[in-house]
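Quick notes on the structure that follows.
Both backbone and side-chain heavy atoms feed into the values below; hydrogens, waters and symmetry mates do not.
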Amino acid sequence: MLRWMKKSNQNDSDAYTSTIDGMKKVYKKFVRPLEELYRYQEFYSPLLTDSDFDAPPTVMLLGQYSTGKTTFIKYLLETDYPGLRIGPEPTTDKFVAIMHGEQDQIIPGNALVVDQRHPYKVLTRFGNNFLQRFEAAVIKNPVLQGLNLLDTPGVLAGAKQTVNRGYDFTGVVKWFADRVDMIVMLFDAHKLDISDEFSQTILACKGNDTKIRIVLNKADKVTNQQLMRVYGALMWSLGKVLGTPEVARVYIGSFWDQPYTNDENRKLFEMEEEDLFKDIQSVPRGAIIRKLNDLIKRSRLAKTHAYIIAHLKNEMPAVFGKEAKQKQLINNLPAIFEQIQRATGLPAGDFPNVQEFSESLKKCDFSKFKPMNQGLVDALDKMISTELPRLMAQVPQDQEVFHEDYMKNLNKREGGALYDQDTTPFGVGTTLDILNAPVPVNDYQYEFEQLGPGADGKINGTQAKGPMQDSKLPNSTLKRIWALGDIDKDGKLDIREFAIVKHLVKLKLDGHELPVEVPKIWLEGLEIDDYRR
(Lines give C-alpha, C1' and ligand atoms only; values in the text may rest on other atoms or scores of the structure.)
Protein backbone atom coordinates (compact mmCIF):
# COMPACT_ATOMS: atom_id res chain seq x y z
CA MET A 1 0.00 0.00 0.00
CA LEU A 2 1.20 3.48 -0.81
CA ARG A 3 2.78 5.37 2.08
CA TRP A 4 0.14 8.09 2.21
CA MET A 5 -2.56 5.47 2.81
CA LYS A 6 -0.83 3.74 5.75
CA LYS A 7 -2.84 3.66 8.94
CA SER A 8 -1.71 5.26 12.14
CA ASN A 9 -0.12 3.23 14.90
CA GLN A 10 -0.26 6.14 17.32
CA ASN A 11 -2.64 6.31 20.24
CA ASP A 12 -3.11 10.06 19.99
CA SER A 13 -6.47 10.42 18.24
CA ASP A 14 -5.70 14.02 17.35
CA ALA A 15 -2.50 13.16 15.47
CA TYR A 16 -2.97 12.75 11.73
CA THR A 17 -0.37 10.51 10.13
CA SER A 18 -1.66 11.50 6.69
CA THR A 19 -4.38 13.59 5.08
CA ILE A 20 -6.44 10.46 4.46
CA ASP A 21 -6.09 9.41 8.11
CA GLY A 22 -7.19 12.89 9.18
CA MET A 23 -10.23 12.90 6.89
CA LYS A 24 -11.41 9.59 8.32
CA LYS A 25 -11.12 10.88 11.88
CA VAL A 26 -12.84 14.24 11.37
CA TYR A 27 -15.65 12.62 9.38
CA LYS A 28 -16.37 10.02 12.05
CA LYS A 29 -16.09 12.53 14.91
CA PHE A 30 -17.82 15.62 13.53
CA VAL A 31 -19.73 14.97 10.29
CA ARG A 32 -21.23 11.50 10.58
CA PRO A 33 -23.07 12.11 13.92
CA LEU A 34 -24.88 15.05 12.32
CA GLU A 35 -25.70 13.01 9.21
CA GLU A 36 -27.09 10.11 11.26
CA LEU A 37 -29.22 12.38 13.46
CA TYR A 38 -30.87 14.16 10.53
CA ARG A 39 -31.02 11.17 8.12
CA TYR A 40 -28.68 12.67 5.56
CA GLN A 41 -28.34 9.34 3.73
CA GLU A 42 -32.06 9.28 2.87
CA PHE A 43 -31.78 12.56 0.94
CA TYR A 44 -28.35 12.56 -0.66
CA SER A 45 -25.69 9.84 -0.59
CA PRO A 46 -24.97 6.99 1.85
CA LEU A 47 -22.79 7.41 4.90
CA LEU A 48 -19.09 7.12 4.14
CA THR A 49 -16.87 4.20 5.15
CA ASP A 50 -13.08 3.86 5.35
CA SER A 51 -13.03 2.30 1.87
CA ASP A 52 -14.44 5.54 0.43
CA PHE A 53 -11.35 7.37 1.68
CA ASP A 54 -8.82 4.60 0.98
CA ALA A 55 -10.00 3.80 -2.54
CA PRO A 56 -7.48 4.65 -5.28
CA PRO A 57 -8.45 7.46 -7.67
CA THR A 58 -10.47 6.33 -10.70
CA VAL A 59 -10.63 7.38 -14.34
CA MET A 60 -13.98 6.57 -16.00
CA LEU A 61 -14.33 6.20 -19.78
CA LEU A 62 -17.63 7.04 -21.47
CA GLY A 63 -18.67 7.02 -25.09
CA GLN A 64 -20.96 5.54 -27.69
CA TYR A 65 -20.20 2.03 -28.82
CA SER A 66 -17.15 1.50 -31.03
CA THR A 67 -15.51 4.82 -30.13
CA GLY A 68 -12.47 2.99 -28.76
CA LYS A 69 -12.99 3.01 -24.97
CA THR A 70 -11.74 -0.52 -24.34
CA THR A 71 -8.97 -0.14 -26.92
CA PHE A 72 -7.90 3.07 -25.16
CA ILE A 73 -7.55 1.15 -21.90
CA LYS A 74 -5.54 -1.57 -23.63
CA TYR A 75 -3.33 1.16 -25.09
CA LEU A 76 -2.72 2.62 -21.62
CA LEU A 77 -1.94 -0.75 -20.05
CA GLU A 78 -0.18 -2.16 -23.13
CA THR A 79 -1.84 -5.48 -22.37
CA ASP A 80 -5.26 -7.10 -22.27
CA TYR A 81 -7.17 -7.19 -19.01
CA PRO A 82 -9.23 -10.25 -17.98
CA GLY A 83 -12.49 -10.43 -19.89
CA LEU A 84 -11.50 -7.80 -22.49
CA ARG A 85 -13.39 -7.93 -25.78
CA ILE A 86 -12.96 -5.47 -28.67
CA GLY A 87 -15.06 -5.20 -31.81
CA PRO A 88 -17.10 -2.81 -34.01
CA GLU A 89 -20.32 -3.95 -32.32
CA PRO A 90 -21.23 -3.05 -28.68
CA THR A 91 -18.88 -5.62 -27.10
CA THR A 92 -18.52 -4.11 -23.61
CA ASP A 93 -21.93 -4.61 -22.01
CA LYS A 94 -20.70 -4.22 -18.44
CA PHE A 95 -19.24 -1.70 -16.07
CA VAL A 96 -15.74 -3.06 -15.49
CA ALA A 97 -13.55 -1.70 -12.68
CA ILE A 98 -9.97 -2.46 -13.70
CA MET A 99 -7.66 -2.60 -10.71
CA HIS A 100 -4.25 -3.86 -9.62
CA GLY A 101 -3.69 -7.26 -8.08
CA GLU A 102 -1.02 -9.93 -7.92
CA GLN A 103 -3.17 -12.50 -9.70
CA ASP A 104 -5.29 -11.95 -12.82
CA GLN A 105 -8.95 -12.61 -12.09
CA ILE A 106 -12.52 -11.42 -12.61
CA ILE A 107 -14.62 -10.59 -9.53
CA PRO A 108 -18.41 -10.66 -10.20
CA GLY A 109 -20.49 -7.70 -9.09
CA ASN A 110 -22.37 -9.46 -6.29
CA ALA A 111 -19.08 -10.51 -4.70
CA LEU A 112 -17.50 -7.10 -5.30
CA VAL A 113 -20.17 -5.08 -3.47
CA VAL A 114 -19.79 -7.11 -0.25
CA ASP A 115 -16.00 -6.70 -0.19
CA GLN A 116 -15.30 -4.03 2.45
CA ARG A 117 -12.01 -3.14 0.74
CA HIS A 118 -13.89 -1.55 -2.16
CA PRO A 119 -16.32 1.42 -2.05
CA TYR A 120 -19.06 -0.31 -4.06
CA LYS A 121 -21.46 -1.49 -1.36
CA VAL A 122 -23.99 1.23 -2.19
CA LEU A 123 -24.38 -0.08 -5.74
CA THR A 124 -26.70 -2.80 -4.41
CA ARG A 125 -29.49 -0.23 -4.62
CA PHE A 126 -29.44 -0.50 -8.43
CA GLY A 127 -30.58 -4.11 -8.19
CA ASN A 128 -29.44 -7.52 -9.29
CA ASN A 129 -29.80 -6.73 -13.00
CA PHE A 130 -27.08 -4.14 -12.65
CA LEU A 131 -24.84 -6.28 -10.44
CA GLN A 132 -24.88 -8.94 -13.16
CA ARG A 133 -23.50 -6.24 -15.46
CA PHE A 134 -20.80 -5.09 -13.05
CA GLU A 135 -17.45 -6.73 -12.37
CA ALA A 136 -13.84 -6.05 -11.48
CA ALA A 137 -10.93 -7.11 -13.69
CA VAL A 138 -7.81 -7.59 -11.58
CA ILE A 139 -4.44 -7.48 -13.32
CA LYS A 140 -0.84 -6.89 -12.26
CA ASN A 141 0.16 -3.69 -14.00
CA PRO A 142 2.17 -0.67 -12.71
CA VAL A 143 -0.31 1.78 -14.26
CA LEU A 144 -2.92 0.44 -11.84
CA GLN A 145 -0.77 0.72 -8.72
CA GLY A 146 -2.48 3.81 -7.34
CA LEU A 147 -5.04 4.30 -10.14
CA ASN A 148 -8.20 2.40 -11.15
CA LEU A 149 -9.83 2.53 -14.58
CA LEU A 150 -13.55 2.11 -15.21
CA ASP A 151 -14.72 0.77 -18.57
CA THR A 152 -18.41 1.32 -19.32
CA PRO A 153 -20.96 -0.13 -21.75
CA GLY A 154 -21.10 1.59 -25.12
CA VAL A 155 -23.89 4.15 -25.16
CA LEU A 156 -26.54 3.06 -27.64
CA ALA A 157 -27.58 4.94 -30.76
CA GLY A 158 -30.45 4.77 -33.24
CA ALA A 159 -33.08 2.07 -32.74
CA LYS A 160 -30.91 0.38 -30.11
CA GLN A 161 -31.74 3.25 -27.70
CA THR A 162 -35.20 1.77 -27.16
CA VAL A 163 -33.71 -1.43 -25.73
CA ASN A 164 -34.29 -1.63 -21.97
CA ARG A 165 -31.02 -2.35 -20.16
CA GLY A 166 -32.88 -3.63 -17.11
CA TYR A 167 -31.37 -1.08 -14.73
CA ASP A 168 -31.03 2.68 -14.34
CA PHE A 169 -28.07 3.27 -16.66
CA THR A 170 -27.90 7.05 -16.29
CA GLY A 171 -28.34 6.68 -12.52
CA VAL A 172 -25.33 4.38 -12.36
CA VAL A 173 -23.29 6.77 -14.52
CA LYS A 174 -24.21 9.67 -12.22
CA TRP A 175 -23.20 7.65 -9.14
CA PHE A 176 -19.79 6.93 -10.61
CA ALA A 177 -19.39 10.45 -12.04
CA ASP A 178 -19.82 11.95 -8.57
CA ARG A 179 -17.06 9.73 -7.19
CA VAL A 180 -14.41 9.27 -9.88
CA ASP A 181 -11.50 11.68 -10.33
CA MET A 182 -11.57 12.03 -14.11
CA ILE A 183 -14.21 11.38 -16.79
CA VAL A 184 -12.84 10.71 -20.28
CA MET A 185 -15.52 11.00 -22.99
CA LEU A 186 -14.48 9.47 -26.30
CA PHE A 187 -15.86 10.48 -29.71
CA ASP A 188 -15.20 8.83 -33.05
CA ALA A 189 -14.06 11.30 -35.72
CA HIS A 190 -16.39 9.47 -38.14
CA LYS A 191 -19.46 9.39 -35.84
CA LEU A 192 -20.04 12.73 -34.16
CA ASP A 193 -23.79 12.39 -33.79
CA ILE A 194 -24.76 12.46 -30.11
CA SER A 195 -27.63 10.04 -29.48
CA ASP A 196 -30.44 10.72 -27.01
CA GLU A 197 -29.03 8.21 -24.54
CA PHE A 198 -25.57 9.77 -24.79
CA SER A 199 -27.08 13.22 -24.22
CA GLN A 200 -28.71 11.90 -21.05
CA THR A 201 -25.41 10.29 -20.04
CA ILE A 202 -23.54 13.59 -20.49
CA LEU A 203 -26.21 15.43 -18.49
CA ALA A 204 -25.83 12.82 -15.73
CA CYS A 205 -22.25 14.06 -15.34
CA LYS A 206 -23.39 17.64 -14.69
CA GLY A 207 -21.87 19.11 -11.60
CA ASN A 208 -18.60 17.36 -12.38
CA ASP A 209 -17.57 19.60 -15.27
CA THR A 210 -13.99 20.01 -14.02
CA LYS A 211 -13.46 16.24 -14.22
CA ILE A 212 -14.46 15.90 -17.88
CA ARG A 213 -11.88 15.46 -20.65
CA ILE A 214 -12.98 15.04 -24.28
CA VAL A 215 -11.04 12.73 -26.61
CA LEU A 216 -11.59 12.93 -30.37
CA ASN A 217 -10.37 9.44 -31.23
CA LYS A 218 -9.50 7.81 -34.59
CA ALA A 219 -8.46 11.22 -35.91
CA ASP A 220 -5.86 9.61 -38.19
CA LYS A 221 -8.70 8.34 -40.38
CA VAL A 222 -9.43 11.85 -41.73
CA THR A 223 -7.37 14.43 -43.60
CA ASN A 224 -6.08 17.66 -42.13
CA GLN A 225 -8.92 19.69 -43.63
CA GLN A 226 -11.55 17.19 -42.55
CA LEU A 227 -10.14 17.17 -39.03
CA MET A 228 -10.68 20.92 -38.70
CA ARG A 229 -14.32 20.52 -39.72
CA VAL A 230 -14.84 17.53 -37.42
CA TYR A 231 -13.35 19.42 -34.47
CA GLY A 232 -15.64 22.40 -35.09
CA ALA A 233 -18.70 20.15 -35.36
CA LEU A 234 -17.78 18.39 -32.12
CA MET A 235 -17.45 21.68 -30.22
CA TRP A 236 -20.80 22.86 -31.57
CA SER A 237 -22.55 19.61 -30.59
CA LEU A 238 -21.04 19.60 -27.10
CA GLY A 239 -21.98 23.24 -26.57
CA LYS A 240 -25.63 22.38 -27.22
CA VAL A 241 -25.66 19.37 -24.87
CA LEU A 242 -23.58 20.80 -22.02
CA GLY A 243 -25.27 24.19 -22.14
CA THR A 244 -22.18 25.98 -20.81
CA PRO A 245 -20.14 28.83 -22.31
CA GLU A 246 -16.97 26.78 -21.88
CA VAL A 247 -16.26 23.28 -23.16
CA ALA A 248 -13.92 20.78 -21.51
CA ARG A 249 -10.39 20.23 -22.80
CA VAL A 250 -10.40 18.28 -26.09
CA TYR A 251 -7.55 15.89 -26.96
CA ILE A 252 -7.12 14.81 -30.57
CA GLY A 253 -5.40 11.60 -31.62
CA SER A 254 -5.59 7.92 -32.44
CA PHE A 255 -5.19 5.98 -29.23
CA TRP A 256 -4.15 2.48 -30.19
CA ASP A 257 -0.89 0.78 -31.12
CA GLN A 258 -1.45 0.39 -34.87
CA PRO A 259 0.19 2.52 -37.62
CA TYR A 260 -1.48 5.83 -38.43
CA THR A 261 -3.67 5.65 -41.52
CA ASN A 262 -2.93 9.30 -42.27
CA ASP A 263 0.13 10.67 -40.50
CA GLU A 264 0.15 14.26 -41.81
CA ASN A 265 -1.01 15.31 -38.32
CA ARG A 266 1.46 13.04 -36.55
CA LYS A 267 3.15 15.88 -34.66
CA LEU A 268 -0.22 17.12 -33.39
CA PHE A 269 -1.22 13.60 -32.29
CA GLU A 270 2.09 13.16 -30.44
CA MET A 271 1.72 16.43 -28.52
CA GLU A 272 -1.95 15.74 -27.70
CA GLU A 273 -1.13 12.23 -26.49
CA GLU A 274 1.68 13.53 -24.29
CA ASP A 275 -0.65 16.15 -22.77
CA LEU A 276 -3.40 13.60 -22.13
CA PHE A 277 -1.02 11.11 -20.52
CA LYS A 278 0.41 13.84 -18.28
CA ASP A 279 -3.16 14.73 -17.33
CA ILE A 280 -3.87 11.12 -16.36
CA GLN A 281 -0.55 10.86 -14.51
CA SER A 282 -1.60 13.87 -12.41
CA VAL A 283 -4.82 12.16 -11.24
CA PRO A 284 -3.21 10.34 -8.28
CA ARG A 285 -1.53 13.59 -7.19
CA GLY A 286 -4.86 15.44 -7.23
CA ALA A 287 -6.88 12.64 -5.61
CA ILE A 288 -6.14 13.77 -2.06
CA ILE A 289 -7.26 17.35 -2.57
CA ARG A 290 -10.33 16.13 -4.47
CA LYS A 291 -11.37 13.92 -1.54
CA LEU A 292 -10.76 16.73 0.92
CA ASN A 293 -12.78 19.10 -1.25
CA ASP A 294 -15.65 16.58 -1.37
CA LEU A 295 -15.52 16.25 2.43
CA ILE A 296 -15.75 20.04 2.83
CA LYS A 297 -18.74 20.20 0.46
CA ARG A 298 -20.39 17.32 2.29
CA SER A 299 -19.84 18.99 5.66
CA ARG A 300 -21.44 22.24 4.50
CA LEU A 301 -24.39 20.37 3.00
CA ALA A 302 -24.82 18.31 6.20
CA LYS A 303 -25.00 21.53 8.24
CA THR A 304 -27.58 23.09 5.92
CA HIS A 305 -29.57 19.85 5.91
CA ALA A 306 -29.65 19.84 9.71
CA TYR A 307 -31.15 23.34 9.80
CA ILE A 308 -33.80 22.37 7.20
CA ILE A 309 -34.89 19.19 8.98
CA ALA A 310 -34.94 20.88 12.38
CA HIS A 311 -37.04 23.75 10.98
CA LEU A 312 -39.57 21.33 9.45
CA LYS A 313 -39.79 19.46 12.77
CA ASN A 314 -40.38 22.71 14.62
CA GLU A 315 -43.25 23.66 12.28
CA MET A 316 -45.18 20.42 12.81
CA PRO A 317 -48.27 20.46 15.07
CA ALA A 318 -48.15 18.43 18.28
CA VAL A 319 -51.27 16.30 17.69
CA PHE A 320 -53.79 17.12 14.94
CA GLY A 321 -53.38 18.11 11.27
CA LYS A 322 -49.96 16.61 10.76
CA GLU A 323 -50.60 15.30 7.25
CA ALA A 324 -52.07 18.58 5.95
CA LYS A 325 -49.26 20.61 7.55
CA GLN A 326 -46.64 18.35 6.00
CA LYS A 327 -48.08 18.87 2.51
CA GLN A 328 -48.21 22.62 3.12
CA LEU A 329 -44.54 22.69 4.17
CA ILE A 330 -43.46 20.73 1.08
CA ASN A 331 -45.37 23.08 -1.23
CA ASN A 332 -43.86 26.10 0.54
CA LEU A 333 -40.28 24.75 0.46
CA PRO A 334 -38.70 27.63 -1.58
CA ALA A 335 -39.96 30.19 0.95
CA ILE A 336 -38.73 28.01 3.83
CA PHE A 337 -35.27 27.87 2.28
CA GLU A 338 -35.22 31.67 2.06
CA GLN A 339 -36.38 31.97 5.66
CA ILE A 340 -33.63 29.64 6.92
CA GLN A 341 -31.07 31.46 4.80
CA ARG A 342 -31.99 34.84 6.34
CA ALA A 343 -32.00 33.43 9.88
CA THR A 344 -28.71 31.53 9.69
CA GLY A 345 -26.69 33.42 7.07
CA LEU A 346 -26.07 30.21 5.10
CA PRO A 347 -25.15 30.79 1.43
CA ALA A 348 -27.88 30.04 -1.12
CA GLY A 349 -25.44 27.71 -2.91
CA ASP A 350 -25.35 25.39 0.11
CA PHE A 351 -29.06 24.56 -0.19
CA PRO A 352 -30.21 21.44 -2.11
CA ASN A 353 -32.27 21.36 -5.28
CA VAL A 354 -35.86 22.21 -4.28
CA GLN A 355 -37.56 19.70 -6.59
CA GLU A 356 -35.30 16.76 -5.66
CA PHE A 357 -35.54 17.57 -1.95
CA SER A 358 -39.35 17.78 -2.17
CA GLU A 359 -39.53 14.31 -3.71
CA SER A 360 -37.43 12.90 -0.86
CA LEU A 361 -39.58 14.66 1.76
CA LYS A 362 -42.75 13.04 0.41
CA LYS A 363 -41.47 9.68 1.67
CA CYS A 364 -40.84 10.96 5.21
CA ASP A 365 -42.87 11.44 8.38
CA PHE A 366 -41.89 14.93 9.63
CA SER A 367 -43.01 14.13 13.13
CA LYS A 368 -40.12 11.67 13.43
CA PHE A 369 -37.53 14.31 12.53
CA LYS A 370 -35.16 15.44 15.27
CA PRO A 371 -35.06 18.99 16.70
CA MET A 372 -31.99 21.18 16.38
CA ASN A 373 -28.87 19.97 18.19
CA GLN A 374 -26.83 23.15 18.27
CA GLY A 375 -23.89 21.41 19.94
CA LEU A 376 -23.31 19.13 16.91
CA VAL A 377 -23.56 22.08 14.51
CA ASP A 378 -21.12 24.17 16.57
CA ALA A 379 -18.69 21.23 16.66
CA LEU A 380 -18.93 20.94 12.87
CA ASP A 381 -18.26 24.67 12.47
CA LYS A 382 -15.19 24.36 14.67
CA MET A 383 -13.97 21.41 12.61
CA ILE A 384 -14.34 23.39 9.38
CA SER A 385 -12.43 26.36 10.82
CA THR A 386 -9.64 24.50 12.64
CA GLU A 387 -9.25 20.84 11.63
CA LEU A 388 -9.68 21.24 7.88
CA PRO A 389 -6.97 23.94 7.60
CA ARG A 390 -4.61 21.53 9.40
CA LEU A 391 -5.39 18.89 6.81
CA MET A 392 -4.96 21.37 3.96
CA ALA A 393 -1.48 22.20 5.22
CA GLN A 394 -0.56 18.51 5.07
CA VAL A 395 -1.84 17.96 1.51
CA PRO A 396 1.27 19.15 -0.44
CA GLN A 397 3.56 16.76 1.42
CA ASP A 398 1.22 13.79 0.91
CA GLN A 399 0.71 14.69 -2.74
CA GLU A 400 4.45 14.54 -3.38
CA VAL A 401 4.76 11.18 -1.62
CA PHE A 402 1.84 9.75 -3.57
CA HIS A 403 3.10 11.11 -6.90
CA GLU A 404 6.60 9.83 -6.21
CA ASP A 405 5.29 6.34 -5.41
CA TYR A 406 3.08 6.27 -8.51
CA MET A 407 5.73 7.50 -10.94
CA LYS A 408 8.26 5.06 -9.46
CA ASN A 409 5.96 2.24 -10.56
CA LEU A 410 5.44 3.73 -14.02
CA ASN A 411 9.12 4.30 -14.77
CA LYS A 412 9.72 0.67 -15.51
CA ARG A 413 9.74 -1.08 -18.83
CA GLU A 414 6.37 -2.66 -18.10
CA GLY A 415 4.76 0.65 -17.07
CA GLY A 416 2.25 0.79 -19.90
CA ALA A 417 1.81 3.73 -22.27
CA LEU A 418 2.30 6.14 -19.34
CA TYR A 419 5.88 4.84 -19.02
CA ASP A 420 8.31 7.76 -19.09
CA GLN A 421 11.92 7.16 -20.07
CA ASP A 422 13.90 10.13 -21.37
CA THR A 423 16.80 8.02 -22.64
CA THR A 424 14.72 7.09 -25.69
CA PRO A 425 14.31 9.45 -28.65
CA PHE A 426 10.52 9.11 -28.23
CA GLY A 427 10.33 10.51 -24.70
CA VAL A 428 8.32 14.09 -25.19
CA GLY A 429 3.07 -11.55 -26.01
CA THR A 430 2.53 -14.06 -28.19
CA THR A 431 4.80 -17.02 -28.99
CA LEU A 432 5.82 -16.77 -32.65
CA ASP A 433 8.41 -18.39 -34.89
CA ILE A 434 10.08 -15.00 -35.30
CA LEU A 435 10.75 -14.94 -31.55
CA ASN A 436 12.44 -18.32 -31.71
CA ALA A 437 14.88 -17.57 -34.54
CA PRO A 438 18.07 -15.42 -34.62
CA VAL A 439 17.85 -11.85 -35.90
CA PRO A 440 19.10 -11.62 -39.55
CA VAL A 441 21.57 -8.80 -38.88
CA ASN A 442 22.84 -8.77 -42.49
CA ASP A 443 19.37 -7.85 -43.77
CA TYR A 444 19.67 -4.49 -42.06
CA GLN A 445 23.36 -3.79 -42.75
CA TYR A 446 22.87 -1.55 -45.79
CA GLU A 447 20.17 0.61 -44.18
CA PHE A 448 22.32 1.01 -41.07
CA GLU A 449 25.36 2.16 -43.08
CA GLN A 450 23.23 4.69 -44.99
CA LEU A 451 22.46 6.38 -41.67
CA GLY A 452 26.16 7.20 -41.21
CA PRO A 453 27.31 5.53 -37.98
CA GLY A 454 30.02 7.35 -36.01
CA ALA A 455 33.58 6.31 -35.23
CA ASP A 456 32.24 4.07 -32.46
CA GLY A 457 30.14 2.17 -35.02
CA LYS A 458 26.84 3.45 -33.61
CA ILE A 459 23.99 5.75 -34.61
CA ASN A 460 22.34 8.12 -32.15
CA GLY A 461 18.67 8.64 -31.37
CA THR A 462 18.26 11.46 -33.87
CA GLN A 463 19.59 9.30 -36.70
CA ALA A 464 17.39 6.36 -35.77
CA LYS A 465 14.20 8.34 -35.11
CA GLY A 466 13.30 9.07 -38.74
CA PRO A 467 13.56 5.49 -40.06
CA MET A 468 11.59 4.20 -37.08
CA GLN A 469 8.84 6.78 -37.55
CA ASP A 470 8.57 5.76 -41.18
CA SER A 471 6.70 2.74 -39.81
CA LYS A 472 3.89 5.16 -38.79
CA LEU A 473 3.67 3.42 -35.43
CA PRO A 474 2.70 5.75 -32.56
CA ASN A 475 5.51 7.15 -30.42
CA SER A 476 4.47 5.23 -27.33
CA THR A 477 5.02 1.97 -29.25
CA LEU A 478 8.33 3.16 -30.75
CA LYS A 479 9.40 4.20 -27.26
CA ARG A 480 8.96 0.63 -26.03
CA ILE A 481 10.78 -0.75 -29.07
CA TRP A 482 13.74 1.56 -28.42
CA ALA A 483 13.82 0.57 -24.74
CA LEU A 484 13.96 -3.09 -25.75
CA GLY A 485 16.51 -2.66 -28.52
CA ASP A 486 18.98 -0.37 -26.75
CA ILE A 487 20.58 -3.30 -24.93
CA ASP A 488 23.42 -1.37 -23.25
CA LYS A 489 21.20 1.66 -22.46
CA ASP A 490 23.71 4.18 -23.86
CA GLY A 491 21.19 6.03 -26.03
CA LYS A 492 22.78 4.70 -29.22
CA LEU A 493 22.41 1.66 -31.48
CA ASP A 494 25.11 -0.46 -33.08
CA ILE A 495 24.29 -2.69 -36.06
CA ARG A 496 23.12 -5.56 -33.87
CA GLU A 497 20.89 -3.37 -31.71
CA PHE A 498 19.58 -1.63 -34.83
CA ALA A 499 18.68 -5.02 -36.28
CA ILE A 500 16.76 -5.89 -33.12
CA VAL A 501 14.86 -2.57 -33.28
CA LYS A 502 13.93 -3.10 -36.94
CA HIS A 503 12.91 -6.66 -36.18
CA LEU A 504 10.61 -5.46 -33.41
CA VAL A 505 9.06 -2.87 -35.75
CA LYS A 506 8.39 -5.63 -38.28
CA LEU A 507 6.87 -7.78 -35.57
CA LYS A 508 4.47 -4.99 -34.61
CA LEU A 509 3.56 -4.15 -38.19
CA ASP A 510 2.70 -7.81 -38.75
CA GLY A 511 0.02 -7.41 -36.09
CA HIS A 512 1.72 -9.11 -33.14
CA GLU A 513 2.33 -7.96 -29.59
CA LEU A 514 5.78 -6.83 -28.51
CA PRO A 515 7.61 -9.21 -26.15
CA VAL A 516 8.13 -8.16 -22.53
CA GLU A 517 11.88 -8.65 -23.02
CA VAL A 518 14.16 -9.40 -25.97
CA PRO A 519 14.23 -13.17 -26.68
CA LYS A 520 17.52 -14.77 -25.61
CA ILE A 521 18.10 -16.21 -29.07
CA TRP A 522 18.12 -12.67 -30.48
CA LEU A 523 20.97 -11.81 -28.14
CA GLU A 524 23.24 -14.65 -29.31
CA GLY A 525 26.44 -13.18 -30.70
CA LEU A 526 25.93 -9.89 -28.85
CA GLU A 527 28.47 -9.08 -26.18
CA ILE A 528 25.81 -8.75 -23.49
CA ASP A 529 28.23 -9.24 -20.61
CA ASP A 530 30.30 -6.30 -21.84
CA TYR A 531 27.16 -4.18 -22.08
CA ARG A 532 26.05 -4.96 -18.54
CA ARG A 533 29.36 -3.95 -17.03
Show the nearest heavy-atom pair for residues [X] and [Y], with the distance to one decimal.
{"X": "Thr170", "Y": "Ala204", "value": "O-CB, 3.7 Å"}
{"X": "Val180", "Y": "Ile183", "value": "CG2-CG1, 3.7 Å"}
{"X": "Leu484", "Y": "Val518", "value": "O-CG2, 3.3 Å"}
{"X": "Leu301", "Y": "Asp350", "value": "CD1-O, 3.6 Å"}
{"X": "Leu478", "Y": "Leu473", "value": "CD1-O, 3.6 Å"}
{"X": "Pro347", "Y": "Arg300", "value": "CG-NH2, 3.6 Å"}

Inset, instruction - Using a cut-off of 6.0 Å, state whether more than 12 heavy atoms not belonging to Gln450 lie near its atom CD. - result: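 Yes, because the 6.0 Å sphere around CD of Gln450 holds more than 12 heavy atoms from other groups.
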Within the 4.5 Å heavy-atom criterion, are [X] and [Y] side-chain neighbours or not?
{"X": "Ile487", "Y": "Arg496", "answer": "no"}
{"X": "Ile212", "Y": "Cys205", "answer": "yes"}
{"X": "Lys508", "Y": "Arg480", "answer": "no"}
{"X": "Tyr81", "Y": "Thr70", "answer": "yes"}
{"X": "Val138", "Y": "Met99", "answer": "yes"}
{"X": "Val155", "Y": "Phe169", "answer": "yes"}
{"X": "His503", "Y": "Pro440", "answer": "yes"}
{"X": "Pro56", "Y": "His100", "answer": "no"}

Legend entry - Asn148 side chain vs Leu150 backbone, donor-acceptor pair below 3.5 Å: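 Checking the backbone N and O of Leu150 against the side chain of Asn148, no donor-acceptor pair under 3.5 Å is found.
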Inset, instruction - For Glu264 and Asn224, indicate whether the former's side chain and the latter's backbone hold a donor-acceptor pair under 3.5 Å. - result: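 Side chain of Glu264 to backbone of Asn224: a pair is present.
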Give a yes or no on whether a salt bridge exists between [X] and [Y], defined as a side-chain N under 4.0 angstrom from a carboxylate O.
{"X": "Arg249", "Y": "Asp275", "result": "yes"}
{"X": "Lys74", "Y": "Asp80", "result": "yes"}
{"X": "Arg298", "Y": "Asp294", "result": "no"}
{"X": "Asp443", "Y": "Lys502", "result": "no"}
{"X": "Asp490", "Y": "Lys492", "result": "no"}

Inset, instruction - Given ring pair (Phe, Tyr, Trp, His ring centres under 6.0 Å), test Phe126 with Tyr167 step by step and report yes or no. - result: CA-CA 7 Å; Phe126 292 105; Tyr167 62 90; 8.1 Å; no
Inset, instruction - Go through the side-chain N and O atoms of Thr223 and Gln226 and say whether any donor and acceptor fall under 3.5 Å apart. - result: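 On atom types as modelled, these side chains qualify, holding a pair under 3.5 Å.
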Inset, instruction - Could you walk me through whether Leu268 and Leu227 pass side-chain contact (heavy atoms from CB on, under 4.5 Å), step by step? - result: CA-CA 11 Å; Leu268 171 65; Leu227 182 59; 4.1 Å; yes
Inset, instruction - Could you tell me if the ring centre of Phe134 sits under 6.0 Å from that of Phe130? - result: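 Yes, close enough.
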Legend entry - Residues Asp220, Lys472; criterion side-chain contact (heavy atoms from CB on, under 4.5 Å); working and verdict: CA-CA 11 Å; Asp220 64 317; Lys472 296 187 179 181; over 6 Å; no
Inset, instruction - Nearest 0.5 Å please: distance from the CZ atom of Phe95 over to the CG atom of Asp151. - result: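 Those atoms lie 10.0 Å apart.
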